[in-house]
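Input: a single structure, listed below in structure tokens.
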Amino acid sequence: MPETFASTVVDWYHANRRDLPWRRDGFTAWGTLVSEFMLQQTPVSRVIPRLEEWLTRWPTPADLAAVPPGEAVRAWQSLGYPRRALWLHAAAVAITERHGGVVPDDVEALLALPGIGDYTARAVAVFAYGARHPVVDTNIRRVIARAVDGQGEPPPPSARRDLAAMSALLPRELPAAAAFNAGMMELGAIVCTARAPRCDDCPLALQCAWRAAGYPAYEGPRKAVQKKYEGSDRQVRGRILAELRASHIPVTPEELEDVWPDAAQRDRALRGLVEDGLAVPEGGGYTLP
DNA sequence: CAGTCGTGGTA
DNA sequence: TTACCAAGACT
């Protein structure tokens with residue numbers, strides 16, 4: 001039965017996979033690593049142009065490691081969560097110094113790199129190197145919740161439980177296992193979507209526990225409500241960082257006054273940026289690291 | 001474990 | 001317009 005489930009997804013994937021940059025022949029492991037960093041909480045459509053620029057400028061980890069981290073933050077532009085740019089730069093330094101400039105292929109070594117967690121480590125091992133590991137992202141958790149568990153939404157993430165659930169479905173053979181991981185993500189991304197799933201087009205329709213149960217509403221714990229962005233510290237941090245990105249000389253405190261009127265909130269945001277290593281005091285002002 | 005961390009598109 | 005969502009990681 002799991003065999004049928006997996007082969008259905010694999011067959012569907014081979015017929016329906018989108019032509020994305022990181023799926024092209026000859027795409028490097030470094031390219032895969034960069035794409036996975038960028039795709040953490042950022043939509044595919046916004047990632048693609050930044051990724052192309054990034055890999056043209058820094059085609060290897062050593063190329064990125066050779067420039068100051070602030071250059072990575074600048075090239076990150078408005079992808080969001082700029083700490084990822086800092087971590088990606090730090091990962092490039094570690095790869096250059098500890099791994100001879102070659103992106104590691106084992107999960108343990110990948111997990112040891114900054115900014116790489118359970119998802120990204122396995123995604124790189126599987127998509128760049130073809131290893132057999134369960135990959136679990138938000139798409140896959142949703143597909144399993146519906147097709148297997150009959151729930152409209154997944155419960156809050158649990159690495160142990162989620163990895164075990166995906167492992168139970170994973171084909172034993174190597175090429176199929178990798179295609180199953182990619183296929184489950186793709187299915188969640190373009191068919192079994194969060195808002196308006198296209199169940200009529202779903203290859204798993206006949207096997208879907210959620211459909212069989214009549215699409216019951218989700219009963220479990222609600223996910224934490226995301227706080228409003230407008231007026232938040234995050235927005236202030238974003239505004240300040242945009243100023244630093246746009247300037248190649250220290251931005252003065254006076255210039256930052258124009259960015260946000262509330263001095264207390266502005267200072268709090270600035271302190272946070274300095275703590276995170278995204279801003280550096282210099283010459284009475286602030287610059288990128 | 002819950003809070004924090006950007007930004008833009010869509011319903 | 002507000003609210004939700006997007007290939008998560010770290011503290």
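Here is how names work: the chains are called A, B, and so on, in the same order as the sequence lines, proteins then strands, and each is numbered from 1.
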Could you tell me how far [M] sits from [N] if I compare only their [atom1] atoms? Round to whole Å.
N: B/dG3; M: C/dC4; atom1: P; answer: 16 Å
N: C/dA6; M: B/dC1; atom1: P; answer: 22 Å
N: B/dA2; M: C/dA7; atom1: C1'; answer: 23 Å
N: B/dG8; M: C/dA9; atom1: P; answer: 23 Å

Side-chain heavy-atom pair [X], [Y] within 4.5 angstrom cut-off:
X: A/Asp233; Y: A/Gln265; answer: yes
X: A/Val135; Y: A/Met184; answer: no
X: A/Thr8; Y: A/Trp12; answer: no

Students often get this wrong, so: under 4.0 angstrom with heavy atoms, is [X] touching a base, only sugar-phosphate, or nothing?
X: A/Val225; answer: sugar-phosphate
X: A/Ala123; answer: nothing
X: A/Pro82; answer: sugar-phosphate
X: A/Arg245; answer: sugar-phosphate
X: A/Arg195; answer: base
X: A/Gln226; answer: base

For the pair made of [atom1] in [X] and [atom2] in [N], what is the distance, rounded to whole Å?
X: A/Asp162; N: B/dC1; atom1: CG; atom2: P; answer: 12 Å
X: A/Trp76; N: B/dG6; atom1: CH2; atom2: P; answer: 12 Å
X: A/Asp233; N: B/dG3; atom1: CG; atom2: P; answer: 16 Å
X: A/Glu230; N: B/dG8; atom1: CD; atom2: C1'; answer: 13 Å
X: A/Ile240; N: B/dT7; atom1: CD1; atom2: P; answer: 11 Å
X: A/Lys223; N: B/dG3; atom1: NZ; atom2: P; answer: 15 Å
X: A/Gln265; N: B/dC5; atom1: CD; atom2: P; answer: 11 Å
X: A/Tyr229; N: B/dG9; atom1: OH; atom2: P; answer: 13 Å

Is there a donor-acceptor contact under 3.5 Å linking the side chains of [X] and [Y]?
X: A/Arg234; Y: A/Tyr81; value: yes
X: A/Arg84; Y: A/Thr42; value: yes
X: A/Gln207; Y: A/Thr4; value: no

Considering just the side-chain nitrogens and oxygens of A/Ser78, establish if one lies under 4.0 Å of OP1 or OP2 belonging to B/dG8.
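The answer is yes; a side-chain N or O of A/Ser78 sits under 4.0 Å from OP1 or OP2.
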B/dT4 phosphate, OP1 or OP2: any side-chain N/O from A/Arg234 under 4.0 angstrom?
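For B/dT4, OP1/OP2 do not have a side-chain N/O of A/Arg234 under 4.0 Å.
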Using heavy-atom distances to pick each residue's nearest nucleotide on DNA chain B, tell me which of A/Lys227 and A/Pro157 is more 5'.
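So the residue in question is A/Pro157.
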Check the pair A/Arg237, A/Glu275 against salt bridge (charged side-chain N to carboxylate O under 4.0 Å, His left out), reporting the backbone distance first and the verdict last.
CA-CA 12 Å; A/Arg237 287 169 56 110; A/Glu275 280 177 22; over 6 Å; no
Hey, are A/Arg266 and A/Asp262 close enough for a salt bridge, meaning a charged N less than 4.0 Å from a carboxylate O?
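Looking at A/Arg266 and A/Asp262, the cut-off is not met.
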Does A/Arg46 get its side chain close enough to the base of B/dG8, under 3.5 Å, for a donor-acceptor pair?
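No pair found.
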Could you list all N or O pairs between the protein and nucleotides 7-11 of chain C that sit under 3.5 Å apart?
unit_1 : atom_1 : unit_2   : atom_2 : d
C/dA7  : OP1    : A/Asn139 : ND2    : 3.4
C/dA7  : OP2    : A/Asn139 : OD1    : 3.2
C/dA7  : O5'    : A/Asn139 : ND2    : 3.3
C/dA7  : O4'    : A/Asp137 : OD2    : 2.9
C/dA7  : N9     : A/Tyr119 : OH     : 3.4
C/dA7  : N7     : A/Glu36  : OE2    : 3.4
C/dA7  : N6     : A/Trp22  : NE1    : 2.2
C/dG8  : OP2    : A/Gln41  : N      : 3.2
C/dG8  : OP2    : A/Gln41  : NE2    : 3.2
C/dA9  : OP1    : A/Gly117 : N      : 2.9
C/dA9  : OP1    : A/Thr120 : N      : 2.9
C/dA9  : OP1    : A/Thr120 : OG1    : 2.7
C/dA9  : OP2    : A/Tyr119 : N      : 3.3
C/dC10 : OP1    : A/Gly115 : N      : 2.7

